[in-house]
Amino acid sequence: MPEEESAQFSIESVQVLSEDESVDEELVPSLSDEQLLELYEQMKRSRRLDERAVSLQRRGELGTYAPAIGQEAAQVGSAFAMAEDDWIVPSFREQPALLTRGTPPHKILQYAMGMEEGAEIPSGKGALPPAIPVGSQPLHAVGVGWGEALQDRSNVAVTYFGDGATSEGDVYEALNLAGVYDAQTVFVCQNNRYAISTRLEKQTDAETLAQKAIAAGIEGIQVDGNDVLAVYRVVQDAIESARNGDPVMVEALTYRRSMHTTSDDPSVYRESEEEAEWEARDPIVRFQVYLENRGILDEETKATIENRVESEIGEAIDRAKAGREEIDQADMFEHVYDEMPPELERQFEAFGGEADE
Amino acid sequence: MPEEESAQFSIESVQVLSEDESVDEELVPSLSDEQLLELYEQMKRSRRLDERAVSLQRRGELGTYAPAIGQEAAQVGSAFAMAEDDWIVPSFREQPALLTRGTPPHKILQYAMGMEEGAEIPSGKGALPPAIPVGSQPLHAVGVGWGEALQDRSNVAVTYFGDGATSEGDVYEALNLAGVYDAQTVFVCQNNRYAISTRLEKQTDAETLAQKAIAAGIEGIQVDGNDVLAVYRVVQDAIESARNGDPVMVEALTYRRSMHTTSDDPSVYRESEEEAEWEARDPIVRFQVYLENRGILDEETKATIENRVESEIGEAIDRAKAGREEIDQADMFEHVYDEMPPELERQFEAFGGEADE
Amino acid sequence: MSERLRIIEAVRETLREELERDDGVVVYGEDVASAGGVFRATQGLADDYPDRVFDTPVAEAGIIGTGVGLAATGMRPVPEIQFQSFLYQGFHQLAQHVARIRSRTRGTITCPMTIRMPYGGGIHALELHSESFEAGFAHIPGLQVVFPSSPAETKGLLTSAIRSPDPVVFMEPTRLYRSFREEVPDDHEIPLGEARVVEPGDDVTVIAWGSMLRETLDAVEDVDASVEVVDPRTLYPLDTETITESVKKTGRCVVVHEAPRTGGMAGEITSRVNEEAFLYLEAPVERVTGYDVPVPMFAREDAYLPDAERIEDGIRNALEFN
Amino acid sequence: MSERLRIIEAVRETLREELERDDGVVVYGEDVASAGGVFRATQGLADDYPDRVFDTPVAEAGIIGTGVGLAATGMRPVPEIQFQSFLYQGFHQLAQHVARIRSRTRGTITCPMTIRMPYGGGIHALELHSESFEAGFAHIPGLQVVFPSSPAETKGLLTSAIRSPDPVVFMEPTRLYRSFREEVPDDHEIPLGEARVVEPGDDVTVIAWGSMLRETLDAVEDVDASVEVVDPRTLYPLDTETITESVKKTGRCVVVHEAPRTGGMAGEITSRVNEEAFLYLEAPVERVTGYDVPVPMFAREDAYLPDAERIEDGIRNALEFN
Ligand SMILES: Cc1ncc(C[n+]2csc(CCOP(=O)(O)OP(=O)(O)O)c2C)c(N)n1
Ligand SMILES: Cc1ncc(C[n+]2csc(CCOP(=O)(O)OP(=O)(O)O)c2C)c(N)n1
Ligand SMILES: [Mg+2]
Ligand SMILES: [Mg+2]
């Protein structure tokens with residue numbers, strides 16, 4: 001003092017594969033050809049699932065569905081960086097990440113069929129279910145990352161949310177508490193430029209979303225979210241840091257190429273030129289060209305992958321539909337409490353259900 | 001990109017009167033001798049009110065009371081920078097600011113006597129009442145600053161909250177919305193180092209609180225909160241900026257020298273050495289020496305001020321007590337709705353009240 | 001000049017008229033301006049009133065909390081919460097400030113805010129898009145809780161809500177938004193706190209609001225008795241008199257709501273009927289309600305929601321009790 | 001070895017025992033560790049369990065929300081909310097996640113969390129330190145709502161709450177924290193969902209919980225009739241059977257609560273009594289409650305709170321009804 005700078009901050013931004021397909025070789029993560037192909041295949045699988053799901057919805061087979069088209073690199077790259085026992089804490093558009101973590105596609109479809117079956121966590125760990133309230137899930141991820149630390153385990157929680165979610169107080173509380181509790185938590189903010197119809201400029205005056213982390217005193221970093229290698233690299237580092245008790249927020253710069261959900265019509269609030277621009281930056285295409293240039297991906301492999309994805313998703317659709325035929329309406333009474341309380345039992349009986357015991 | 005700095009930030013810190021009484025003359029705000037003495041007198045008045053209130057509470061005359069002892073410069077300096085029609089949006093420890101804005105001390109005492117009378121805003125504008133939920137008021141100040149702008153008025157809202165409050169999601173939402181709405185709002189965060197027993201280090205990993213503003217993309221600045229001239233200077237600039245639609249967050253570095261409230265015993269959670277250190281930095285003493293050195297304050301003036309404050313507060317106590325004798329218990333039914341709904345009227349009658357109309 | 005409108009259109013027309021009539025009215029919420037709201041309730045309003053119709057960030061505490069400040073400066077905030085369950089993000093602002101600022105300041109600061117939001121099930125939406133927490137809201141002194149059940153009711157009640165000097169939680173039945181049209185008079189105000197006898201009858205009183213009123217009217221057609229159907233319209237204040245007068249006449253009463261049974265408004269109405277019409281009651285007040293379970297996702301939602309059949313059963317129970 | 005304890009001490013001893021018994025238990029909240037809580041309920045615990053007793057930032061949504069995650073990792077979070085009204089800051093986490101994660105995941109993720117908090121008036125505290133929103137909590141399926149009314153009850157109920165596989169909202173009557181001592185047995189568990197007949201009687205049933213139970217017991221002494229006093233202890237699940245058995249015997253019923261009347265739990269109890277014991281009822285169920293006003297600041301708080309006198313009046317009304 002009298003007038004001095006008391007603190008300084010900066011936000012870094014990382015890209016490995018640029019849009020013109022030039023590559024920063026120093027930053028390329030060390031992944032085997034198989035792993036690179038797996039990244040590619042997961043992105044393709046997710047894209048195809050979303051496409052099929054949207055048309056199923058149009059035919060009345062699914063309820064409201066939120067496609068992640070355009071965000072595959074941000075999600076697959078980050079989820080791929082997780083270790084086996086790490087936790088994923090999604091919001092509601094995380095098909096690519098969930099598939100990468102091993103959720104079978106028929107479960108994702110069942111969720112979209114309005115079946116709680118699709119949100120089961122059979123092992124009871126490693127994941128929390130999709131949940132709809134925007135911005136509310138990062139706090140759970142902090143709890144998980146804190147709980148793992150308290151129990152001397154090294155697993156981290158990776159949570160996903162959008163640009164819009166950063167306006168919710170909960171997200172800020174989560175970042176701040178993560179810092180205080182040294183929670184083993186990584187925050188992946190997918191800045192896809194829109195919260196339904198609302199452009200990022202209307203959510204905040206902040207020039208980056210990564211700088212939200214500064215308020216919490218934790219690290220914030222930007223990454224090109226359409227560059228799967230950059231995402232993988234940055235999130236891998238973030239996970240390593242979080243494993244040591246230093247939580248990180250990653251802002252993945254991407255774009256929601258499709259509708260917000262199947263109830264939405266983006267033409268009401270944005271220009272098709274903008275969509276075309278981002279089509280040109282599509283994360284799958286960019287990575288595909290990279291793999292082709294590196295000689296990892298040829299037409300045959302591509303066809304094999306496409307066929308595999310196609311048949312898997314076809315089977316998943318059949319399986320999801322078959323599961324739907326079997327649902328028991330009375331199930332809604334079963335999972336509210338560990339033991340059904342008497343008042344609920346009476347309602348259950350009036351409903352026509354029969355108690356298990 | 002590939003790896004580049006995408007954004008940079010810094011936080012400034014301002015001091016005019018240093019602890020050793022050296023003065024940065026360039027930064028001294030241009031205030032007349034009368035104004036300087038007024039600042040001094042308001043600080044004294046507030047200190048004395050708090051002291052008397054604590055002893056009244058000890059004698060059972062008041063309920064829980066939250067003294068602002070040690071924070072007088074942060075509050076008086078900032079409130080003094082406001083223009084006549086600006087709005088003050090307090091939390092619950094704002095006696096110095098409220099007195100400076102003209103709230104009569106007997107109202108403050110009545111509030112502490114558990115009387116809503118003490119929270120009346122007779123003109124219906126220029127102030128919101130004290131309110132207890134931590135961190136919840138800044139959003140109101142954003143609404144006020146936004147509403148004034150929407151109605152093409154230039155008044156600003158100045159809101160007060162503590163270091164602890166910055167952990168609440170609401171405070172972050174307020175900062176962020178202020179940026180988005182260009183709200184005519186100034187946020188005065190009094191970092192008095194404690195939220196009840198909880199030290200600042202347990203609230204956040206952020207090294208300053210001013211950097212919370214970075215998350216919102218608005219300006220944040222630190223000021224020595226025990227230096228009334230620095231506070232006045234910084235907040236005056238902030239108000240000017242807010243009047244033009246650029247909200248500012250000011251972190252005033254100060255110390256809660258006394259108990260959290262009269263229900264609290266700080267010796268449970270902090271050392272008396274720490275308290276002694278901050279006694280040495282007392283904002284009133286520092287400013288008094290400055291005024292003496294500048295030859296503005298002599299013993300006689302000091303005595304006059306002390307006597308005036310003493311008798312005013314004595315009168316305020318009498319007046320508050322007299323008001324307490326007159327309260328009508330049935331009033332609680334009167335101000336819930338503009339017109340008492342029938343169910344409430346029935347309860348009111350059962351209570352023994354009589355309808356006005 | 002009256003028009004045949006749907007509920008969603010009645011909302012829009014009312015907002016337009018109130019924006020026109022009172023330049024303190026400000027309409028804001030998530031996706032309210034550029035997209036006209038996710039149900040298009042506010043479509044076009046931002047074009048005509050660009051300075052008083054706003055998109056907000058996704059921040060419900062902020063939406064409600066800033067409204068308190070807007071109101072203090074003399075405006076009439078009419079925020080939209082995208083779905084009722086997301087008001088919970090701002091529940092503290094509602095309960096601690098919106099409902100209390102009048103009493104906190106002895107009437108010197110008030111909060112004439114109307115919080116509009118779609119509530120209830122029946123459109124096969126995502127989880128947490130189908131709740132109806134009216135009992136919780138009605139339990140907070142200082143609030144008014146209003147339920148339109150048709151386009152004309154929407155116009156009349158929303159007009160009164162916006163003009164009311166006190167805050168209103170305005171619960172719009174999602175599944176009726178586009179389900180039918182009705183003649184909607186111009187300049188229509190329905191006083192808050194007055195119930196409506198929708199169908200007169202002598203054997204049993206059925207009380208239902210919002211979307212459950214429609215189910216009830218369906219149910220009544222199939223019941224072989226003279227049923228009086230009462231729509232309370234506002235749950236706070238609640239028009240006890242109209243309800244109890246009806247029960248005094250019929251001696252039997254059924255209350256219908258979508259919300260879970262325990263703690264729902266049927267309990268409150270039962271209490272009031274007990275207090276005012278006990279000696280006339282020939283049967284216990286029958287409750288036809290949602291179950292004590294979270295509204296399930298849509299594959300099981302229909303099983304959760306009371307429908308005409310369950311309402312018929314309830315009416316028969318009430319009629320047959322001896 | 002039993003001890004004579006106050007409620008506040010019973011809370012502390014129970015927390016200590018559960019921390020000792022189960023190393024998944026984690027106790028956290030504002031000022032809970034270094035200061036031992038603003039009422040000293042957690043005093044000393046951080047010394048003995050420094051790795052499982054924590055001070056948190058002032059962030060109630062965070063306190064509740066992180067608990068969901070802690071629970072998922074296998075811990076048993078026992079957060080303290082400093083005063084009941086401040087749970088509202090985390091209401092969305094409670095209603096959207098704590099209450100629902102079991103049903104959302106078909107029982108594969110659960111939330112065995114016990115949220116402790118002081119509720120109710122009577123200690124002349126600041127505004128918003130005196131509320132009791134139990135009716136709102138009991139209306140949220142998935143939660144259990146528990147009210148201790150004495151030191152032994154506190155021990156028995158808190159032990160069961162912490163061990164329960166489902167979330168509990170545990171409402172501690174602030175004004176009874178230090179008001180009396182009672183013998184508190186070791187290793188005491190009271191099953192959730194079982195009411196207690198505190199005093200047997202034949203003429204009228206009075207139902208009261210938490211601090212209102214004490215007022216009721218005072219009132220009963222001055223009433224010239226045989227009064228059966230029932231403490232439901234948990235409002236969800238609610239022991240309908242014990243309540244209705246009592247009313248079947250007495251034919252008359254009074255429900256007492258601090259919360260505002262409209263939408264309060266008395267309505268629910270009235271409904272259940274109607275449904276199960278209608279033909280036994282000789283008088284309407286009488287409600288003795290707070291008024292439909294925000295709990296006023298303390299200069300008027302006593303006028304708000306039901307006291308022995310108002311309870312006596314209520315009992316007389318119930319007895320005299322013909
Ligand atoms: C608390 C809450 N408020 C509002 C909504 C309605 N809503 C669903 S998605 C959404 C926008 C979210 O935007 P963003 O966080 O950017 O995620 P994205 O949809 O782009 O993936 C909104 C407002 C909600 N689900 N939850
Ligand atoms: C929402 C809410 N949570 C908790 C409390 C209880 N409480 C009152 S003051 C306080 C600490 C506030 O600390 P800070 O913001 O630093 O303000 P200070 O007391 O230092 O002025 C707490 C936790 C409250 N009043 N409101
Ligand atoms: Mg988005
Ligand atoms: Mg503080």
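Every chain is numbered from 1 and lettered A, B, ... according to where its sequence line falls, protein lines coming before strand lines.
Remark: C:I64 CD1 to B:L139 CG distance equals 10.5 Å, nearest 0.5 Å. Here the CG atom belonging to C:L70 is positioned 10.0 Å from the CD atom belonging to B:E148, to the nearest 0.5 angstrom.
Ion pair B:E334/C:R102 not flagged as a salt bridge, since none of the NZ, NE, NH1 or NH2 atoms sits closer than 4.0 Å to an Asp/Glu carboxylate oxygen.
Of all the listed residues (C:L143, C:D23, C:D239), the one sharing the greatest number of non-hydrogen pairs under 4.5 Å with chain B is C:L143. Interface remark: of the candidates C:G65, C:A59, C:P167, C:G65 forms the most heavy-atom pairs closer than 4.5 Å to chain B. With respect to chain B, the highest number of heavy-atom pairs below 4.5 Å among C:P57, C:G24, C:G107 belongs to C:P57.
Counting only N and O atoms by type, the side chains of B:Q137 and C:H97 include no donor and acceptor under 3.5 Å apart. For B:S136 and C:H92, the side-chain atoms include no donor-acceptor pair closer than 3.5 Å. With no hydrogens or angles considered, no side-chain donor-acceptor pair links B:E116 and C:S103 at under 3.5 Å.
Considering only heavy atoms from C-beta on, B:P122 stays 4.5 Å or farther from C:T108 through its side chain. Two residues are said to be in side-chain contact when any heavy atoms from C-beta on lie closer than 4.5 Å; C:T240 and B:P342 fail this criterion. At least one side-chain heavy atom of C:Q93 sits under 4.5 Å from a side-chain heavy atom of B:H140. B:R153 places a side-chain heavy atom less than 4.5 Å from the side chain of C:T73. Between B:L150 and C:R52, the closest side-chain pair of non-hydrogen atoms is not below 4.5 Å.
Taking the side chain to side chain donor-acceptor pair (under 3.5 Å) definition, one finds that C:E194 meets it with nothing, sequence neighbours left out.
Residue C:T66 comes nearest to B:Y181 through the heavy atom pair CG2-CE1, 4.5 Å, listed as atom of the first residue, atom of the second, then distance. Here the shortest heavy-atom pairing between C:T105 and B:P129 reads CG2-CG, 3.3 Å. Between C:A72 and B:W87, the closest heavy-atom pair is O-CH2, 3.3 Å. Nearest heavy-atom pair, B:D338 versus C:P165, reported as atom, atom and distance to 0.1 Å: OD2-CG, 3.4 Å. The two atoms that bring C:R104 and B:A119 nearest to each other are O-CB, 3.4 Å, heavy atoms only.
Summarising the local packing, CZ of C:R196 is surrounded by more than 12 heavy atoms from other residues, nucleotides or ligands at distances under 6.0 Å. For B:F9, the CZ atom is densely surrounded, since the number of other residues' heavy atoms within 6.0 Å is greater than 12. In the displayed structure, C:E241 atom CD is contacted under 6.0 Å by at most 12 heavy atoms of other residues, nucleotides or ligands. Under a cut-off of 6.0 angstrom, the local environment of CZ in B:R319 is sparse, with at most 12 non-hydrogen atoms contributed by other residues, nucleotides or ligands.
Of the atoms belonging to B:D331, it is side-chain heavy atoms, and not backbone ones, that fall under 4.5 Å from chain C. Contact of B:I121 with chain C is made through backbone and side chain together, with heavy-atom distances under 4.5 Å. Heavy-atom distances place no part of C:T110 under 4.5 Å from chain B, backbone and side chain included. For B:P138, no part lies under 4.5 angstrom from a heavy atom of chain C. The part of B:V180 that comes within reach of chain C is its side chain, from C-beta onward, which places non-hydrogen atoms under 4.5 angstrom from that chain. There is no contact between C:L192 and chain B, counting heavy-atom distances below 4.5 Å. Heavy atoms of C:D51 lying under 4.5 Å from chain B belong exclusively to its backbone. Contacts of B:A127 with chain C are made by backbone atoms alone, with heavy-atom separations under 4.5 Å and no side-chain atom involved.
Contacts between residues 162-176 of chain B and chain C, counted as heavy-atom pairs separated by less than 4.5 Å, involve B:D170, B:E173.
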Q.
Would B:K125 and C:I109 count as a side-chain contact (heavy atoms from CB on, under 4.5 Å) here? Give the steps.
A. CA-CA 8 Å; B:K125 53 186 196 199; C:I109 303 274; over 6 Å; no
Q.
One pair to check against salt bridge (Lys or Arg N to Asp or Glu O under 4.0 Å): B:E343 and C:R272. What are the steps and the verdict?
A. CA-CA 10 Å; B:E343 44 269 84; C:R272 295 204 189 182; 2.8 Å; yes
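The backbone N or O of C:G142 lies less than 3.5 Å from a partner atom in the side chain of B:Y337, making a donor-acceptor pair.
Using the six-membered ring where Trp is involved, C:Y28 and B:W146 have ring planes that are perpendicular, over 60° apart on the 30 and 60° scheme.
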